[in-house]
Each structure stands twice: as C-alpha cells, then as structure tokens.
Amino acid sequence: MICQRCQQKEASVHITQFINGEKQEVHLCEQCAQETNVEMGIPQFPVHNLNNLLGFITKAYGGDKRISNDRCPNCHTPYRKIAETGYVGCSECYESFSRQLEPVLRRIHGTNKHCGKIPQRMGESFLLRREIEELKNNLQQVIKQEEYEEAAKLRDKIKALEEKLGEE
C-alpha cells in the first residue's frame, strides 16, 4: 500500500480511528508519519533499561495519576519512589502497597500469583498437586456458600486428580 500523503513510499504506519461511529483509515510511510507528528498514544518504552520495567508500567498504566506519599511501615520507602524507580524496598512493600501494585503486576504478568519455574523431572506431579490444592480451596468457599451441587463436582474432580497423582 502506498503512502496517502507523499504517494511515493510504502505505507508502514496504519491508523484507524472511529469518529462519531465512522471508521477512518490513514496509511502513511514512516517519514510522513514523523513529519506530521502522528501521536500513537503509546508511551515510549525504555528499551535500554529493562530494570525499570515496573516503574515504567506504574507510570504509564498506573490508573490514579496522583501518586500517594504513603510509606512502607517496615522500610519506610515511599510509594512515590517505587512508582518512579520500579524498585520495591522490601517484601512488606508488596503488602503495604497491594492496592496500587496489584493492577500493575497483573498487567505485567497476567496474574498477581507467582508461578515460578517448575523442574522438568517433577513438573506434571507438581502441577497436579497445585491444581488439587486450588480445587480444595475452591471447595471450601463453595461449601461456605452452601452450593452443594458445585461442591460435589469439585469433590469428584479432586478425587480424579488424586487418583491420577497416585498412578505416577
């Protein structure tokens, strides 16, 4: 596709906008996109410094733009410093600032639960044990909510997984 502005080079920047429900597309070459100062709305990622990933994502996607001056009760690191540098002061910081850090960590990892690496020689049995543990926790919650049909399904799943684990 040819650039719509210069009509000479291959278009490498494709912009689609919906304005008042109407789709508008613009196709530009890289040079024309730079000349027209096309703003993509994507913050510039610090490629040269991956150590600062948490700080980058906290700033770019941190939701609340007013960063609190709260401090960790253990190491006294202010949340402002964590948001700027991406470095957490101590393990207590995760607990103290869980409300602010959880959405950021979910965006980075896809979850707020640490999975870690699993050794190959014990991978499958480890995963089965972890799944059984999660199902047992879910079973307790379902029983508290008096959803007995769901509890029976979970119980059966747990039994089946425990039998599979015993076969290994």
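Taken together through direct or relayed side-chain contacts under 4.5 Å among Ile, Leu, Val, Met, Phe, Trp and Tyr, Ile158 and Ile143 form part of one hydrophobic cluster.
Between Val13 and Cys29, every side-chain heavy-atom pair lies at or beyond the 4.5 Å cut-off. The closest side-chain heavy-atom distance from Leu128 to Lys164 is below 4.5 Å. A 4.5 Å side-chain heavy-atom check between Gln31 and Lys9 finds at least one atom pair inside the cut-off. At least one side-chain heavy atom of Lys23 sits under 4.5 Å from a side-chain heavy atom of Thr16. Side-chain contact between Thr77 and Val88 is absent, with no heavy-atom pair separated by less than 4.5 Å.
The two residues Cys75 and Cys90 have their closest heavy-atom pair at SG-SG, 3.7 Å. Scanning both residues, Ile2 and Gln8, for their nearest heavy atoms gives CG2-N, 3.8 Å. When all heavy atoms are compared, the tightest approach of Glu10 to Met1 is OE2-N, 2.6 Å. Of all non-hydrogen atoms in Arg71 and Phe97, the two that sit nearest each other are C-CZ, 3.7 Å.
Among pairs with a residue in residues 135-159, those fulfilling side-chain hydrogen bond (donor to acceptor under 3.5 Å, both in side chains) read Lys136-Glu162, at least two apart in sequence or across chains.
Note that NE2 of His14 and CG of Leu28 are 9.0 Å apart. Values are rounded to the nearest 0.5 Å. For the atom pair CG (Leu165) and CD (Glu131), the distance works out to 11.0 Å, reported to the nearest 0.5 Å. Atom CZ of residue Arg130 and atom CD1 of residue Ile132 lie 12.5 Å apart, to the nearest 0.5 angstrom.
Qualifying side-chain contact (heavy atoms from CB on, under 4.5 Å) partners for Glu30, counting only residues two or more places apart in sequence or in other chains: Ser12, Gln34. For Arg5, the side chain to side chain donor-acceptor pair (under 3.5 Å) partners are Glu35, not counting sequence neighbours.
Using a distance-only test at 3.5 Å, with no hydrogens or angles considered, a donor-acceptor pair links the side chain of Gln4 to the main chain of His27.
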